[in-house]
Every structure is written in structure tokens, then in C-alpha cells.
Amino acid sequence: MTPFTFARAGDTAEALRQGERAGTKYLGGGTNLVDLMREQIEAPTALVDVTGLSSGIEETGGGGLLIGAATRNTAVAEHRLIRTRYPLLARAILAGASGQIRNMATVAGNMLQRTRCAYFYDEAARCNKRAPGVGCDAIDGFNRMHAILGASPACVATHPSDMCVALAAIGATVHLQGAGGARTLPFTDLHRLPEGRPDIETLLEPGELITGVELPALPFAVRSTYRKVRDRSSYAFALVSVAAAVDLAEDGTVREARLALGGVAHKPWRAFRAEAALIGAQPSENAFRAAAEAALEGAAPLADNAFKIELAKRTITAVLAELTGVSA
Amino acid sequence: MAITINGTAYSPPQDARVSLLDLLRERLGLSGTKKGCDQGACGACTVLVDGERILSCLTLAVQVDGRAVTTIEGLSEDGALHPLQQAFIVHDGFQCGYCTPGQICSAIGMAAEVRRGVPSVVTADLGADAPVLSDDELRERMSGNLCRCGAYNGIIDAIRETYATEAAE
């Protein structure tokens, strides 16, 4: 590990002052950053521990919730209002990592965690995320875990978070604080697709700090869930995951739906086209399969991961059937 | 400030690079906590910080300044093994024993999570106040601790005996 200085920020203003300096990184739980520093993939010269800032969960005036950036993942998943109003978020968090890691990891740290692409971690491999322009060894390598949507010739890595898939489906808003003041971003705009610069993963400005994430009121999310398909039944990253919520009208048709996918793209993937396809549909396996086809439109497989396309379609169909009581 | 480890206060290391795991093993001679993968994948280094289970390999020692750490060495009282340690012996919850300190610290933290109602991904009713500690629940909640000898059945038996009984009382 490269030597670095360590400081705890007493408040947001102090964190921002320290975060302005080049080479400084904010430290949450450290479950990803400390590992990357040990691997020499990250080499900050200063760490600012921001876990003492904003870690509460408050109700907003509009019936939503504001989650402080430093709230630990376990604390979010166990919160009664998260469990009862946003079950897809509680289930997504609980599907990720292990009990120990969920106790350490913060909400903002979870959002900013980096890909687990093995070539990103392997210093001997070419990786445009680590060294822009050198090439990507995953594209023609072992790419069973890699992206099928939104990838580029520069990068086929996936975003590893489960929590973020639920936040995308919920339509959360990220609260940011920077030298220029406070601003908000729709959560689905926080992460970018790789295009030609896979090393730039979010729209955060240098030194900008995530202070919280706001969940809008979403009453129909009581009918929501998260399903993760993986190689072993626990403590593994997703091959494919689905976060979904369905609102049914009095006549039984779909009034509104939320759908997002994990394990398939460089960012948590909100399936807007599939959501539109579901509106007005009578719940049925055929209708759900049609929505799944819409969600995977444009999917492009690599040598080892074509199975993800059908797996994603079947998982979407099964989750929507589960939520609406359709036997599939 | 100081890091309290098993009731004794220690100064945090000057070098911020030192992990909590290396502080325990290499500087304080508390070698009960084990280094398995050193990258957060195996759980062998699990310790309790303010009663919560965490991975000491991914924790910088300076991060726990001002907090209380409990390791396997801090579990026995007046020379008597912690009930879970005794249960691991009774149920053969190990073969080589390398993952055992992490398993035991993890299970103690896990039991505290269950007591305060933290659900798991296999909990059917997320709204339930007290999750039922079925074997499925135990296996899911302990999935962050690998045992390469495959002593999982004995581990689950030991934890069930120690904590499922408590839950029923």
C-alpha cells in the first residue's frame, strides 16, 4: 500500500475542504477501497473518513425517506420503514456480500464501489479502467460474468452492487455537496456507461461528496421484491438480478411498474422500455415475457455470457409473476 | 484516543496503512484472529467492534480509534470458555480450526443481529419482529465464513444449540 494520511471529518464542510486536495479520497466502510489500495489499484495520498457524517434515516415531508450517506448497509436493511415500505431495497441489500461486510459498508460507499471484473484486479492484464487506452483483456477473455447491455469496445465490466439495482427501480435521488454548493442527481444518472472512458464511472465532480439518498414516496412498492441469481446461494456476485415493483389497478391490470436489472451492465440498469410495455397489461406469463423481451432488446453477448440474456428474461418473468400471483 | 481491545486500551498505529488484523496479530501478539484471504472473501479475520461483527482485514486500525474491539481471546470469562466455544468442541465444529475464531466471533455478532430483529435474505416475512433461527437462516447468516475442511454441519449444530435454544426461551 502506498503511504497516506488519515483524518476524520468532523462535519461536511471540513470533509469538503480536505477532499478538494488532489489525491484525497473519502473513506466509508473501506470494504472495497482498502482492498483496492492493498492491490495498488487505488493509491490515494490522503483518506478522509466520512463515516461520522449523516448516518440517519428520516422521513421526508412528501412521504419518502432520506438516508444519510454514511448509514451502514445493515442499518438500512433492518430499518422498519425500509422493510415495510421498500421491501425490494431491504431484500437487495440483504442479498449482497456477507453480514460482516454489510455491517461495515456505507450507502454511499456501496454506490461508489468498483467492478469486480477479474481483469480490473489483475495488474498483468490490460484494463481501460485502470489505464485508459491500453485495451481490455476481458472482451476476448473469460467473460462469463460480464455485461450484455450498454457495454463499449473499451469496457465490458459490470457494476457489482445489489442495493443500487433497487435504488434505480425506486427512482431515488442522490444528494451531493461540493465546492460549488449542494445539488441533486437522479440516481439513474449517477453512474455512466463506459463508452470511451470506462475509468470515469460517475458524474461526481472532483471532491464532491455524496451526503444522502432520497427515496420518493412509492406506495405500491409494498408489492416489490429483489431476486438475485448467482453461482452459489449466498455470498456471491449476481449473474443476473431483478428489482421490481408492480402497481395493480382495481380491474387487475398493471397501472405502473418498476423494473431494474443487476449484473448485466456497467451501471444499475433501469428497464424503462419494459416498464412502459407493462402499463395496462393484464398480468399473465405472456405479458411478462413480452416486457422481458423489451428489457433485453439490444442485448449483445460476449463469448461466454449469452446465457445471461435468457436468464434475465426468465428471471424478470418469474419475479413479475411472483408479485402478481400469476403461476409461471 | 485509543483502541480498546478485550478491555485494554492501545494507541492506534502511527502508520495508517496497518489493518486492524495486522495490529492484532503482528503488533499485539493476539494471533487468535486469523488471516485467511486478506481481501474480505473468507471471514477468518472476523472480530467484534462495539459488538458488531466486521472483517478486520478490510479495516484500517485507525478507523476503530475510540471503539471497543473483542477478539476470540476476549470471549472467555474467568478461564471458562464462552458457551459457543464449548459447543464447537461438543459438536466437532472444526477440523483444522483455522476458521474457528472467525466463525465464533461471527456467530456471536449474528446472534445479536437476530435479537434486534435484523432480517436476512431468506426471511420470508420482512416485517417480522423476531426472525426464526431455522437452519436455512443460520446458513445464510453465516455465509460470510468459509470452512475449507467442510465442518459446516458441526458449526451449524453448535450455533443452533447455543442460540436457537435462547431464541425459544
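By convention in this document, chain letters (A, B, ...) are assigned in the order of the sequence lines, proteins followed by strands, and residues within each chain are numbered from 1.
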Q: Take atom CZ in A:R314; do more than 12 heavy atoms of anything else shown fall under 6.0 Å from it?
A: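 Incorrect, the count does not exceed 12.
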Q: Please find the pair of heavy atoms, one from A:Q100 and one from B:N145, that lie closest to each other, and give the distance.
A: NE2-OD1, 2.8 Å
Q: What part of A:A77 is in contact with chain B, defined as an atom under 4.5 angstrom from a non-hydrogen atom: side chain, backbone, both or neither?
A: backbone
Q: Rounded to the nearest 0.5 Å, how far does CZ of B:R141 lie from OG of A:S98?
A: 13.0 Å
Q: A:L47 versus chain B, heavy atoms under 4.5 Å apart: side chain, backbone, both or neither?
A: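 Contact with chain B involves the side chain of A:L47 alone.
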Q: Within a 6.0 Å radius of atom CZ on A:F220, are there more than 12 heavy atoms belonging to other residues, nucleotides or ligands?
A: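 Buried by this count: over 12 neighbours within 6.0 Å.
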Q: For chain B, which of A:S233, A:A90, A:G29 has the most heavy-atom pairs under 4.5 Å?
A: A:G29
Q: For a side chain to side chain contact (heavy atoms under 4.5 Å, CB included) with B:L55, tell me which candidate from A:I101, A:D35, A:N103 qualifies.
A: A:I101
Q: With chain A as the partner, which of B:A41, B:G43, B:S19 has the greatest number of non-hydrogen pairs under 4.5 Å?
A: B:A41
Q: Among B:V118, B:T123, B:V62, who wins on heavy-atom pairs under 4.5 Å with chain A?
A: B:V62
Q: Top residue by heavy-atom pair count (under 4.5 Å) with chain A, among B:V49, B:D15, B:L60?
A: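 Highest number of pairs under 4.5 Å: B:L60.
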Q: I need the minimum non-hydrogen distance between A:R8 and B:M1, along with the two atoms involved.
A: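 Smallest heavy-atom distance, with atoms named: NH1-CE, 3.3 Å.
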Q: Do you know which of A:A75, A:A97, A:G30, A:P3 has the most heavy-atom pairs under 4.5 Å to chain B?
A: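 Maximum pair count with chain B is reached by A:P3.
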Q: Which heavy atom of A:T31 sits nearest to which heavy atom of B:L58, and what is that distance?
A: O-CD1, 3.3 Å
Q: Can you name the nearest heavy-atom pair linking B:V121 to A:R230, along with the distance?
A: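 Smallest heavy-atom distance, with atoms named: CG1-NH2, 4.4 Å.
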Q: Is it the backbone or the side chain of A:T74 that comes under 4.5 Å from a heavy atom of chain B, or both, or neither?
A: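 Answer is side chain: those atoms of A:T74 sit under 4.5 Å from chain B.
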Q: Answer yes or no: is there a side-chain heavy-atom contact under 4.5 Å between B:D65 and A:F6?
A: no
Q: B:R116 versus chain A, heavy atoms under 4.5 Å apart: side chain, backbone, both or neither?
A: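 Looking at B:R116, backbone and side chain both touch chain A.
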Q: Using side-chain heavy atoms (C-beta onward) and a distance below 4.5 Å, is B:D129 in contact with A:R80?
A: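 B:D129 vs A:R80: side chains touch.
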Q: State the CE-OG1 distance between A:M104 and B:T59, to the nearest 0.5 angstrom.
A: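 The OG1 atom of B:T59 is 3.0 Å from CE of A:M104, to the nearest 0.5 Å.
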Q: Quick check on the interface: out of B:G40, B:P119, B:C57, who has the most heavy-atom pairs with chain A under 4.5 Å?
A: B:P119
Q: With a 3.5 Å distance limit and no angle check, can you tell me whether A:R38 reaches the backbone of B:D38 through a side-chain donor-acceptor pair?
A: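 Here the side-chain-to-backbone pair exists.
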Q: Just verifying a value: how many Å separate A:L27 CG and B:Q63 CD, rounded to the nearest 0.5 Å?
A: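 Going from the CG atom of A:L27 to the CD atom of B:Q63 covers 4.5 Å.
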Q: Would you confirm whether A:R83, through its side chain, and B:A128, through its main-chain N or O, come within 3.5 Å as a donor-acceptor pair?
A: yes
Q: Just how far is it from atom CD of B:E113 to atom CZ of A:R102, taken to the nearest 0.5 Å?
A: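 One finds 7.5 Å between CD of B:E113 and CZ of A:R102.
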Q: Would you give the length of the straight line joining atom CD of B:Q39 to atom CG of A:N32, rounded to the nearest 0.5 angstrom?
A: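 These two atoms lie 11.5 Å from each other.
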Q: I need the A:E78 CD to B:S120 OG distance, nearest 0.5 Å.
A: 13.0 Å
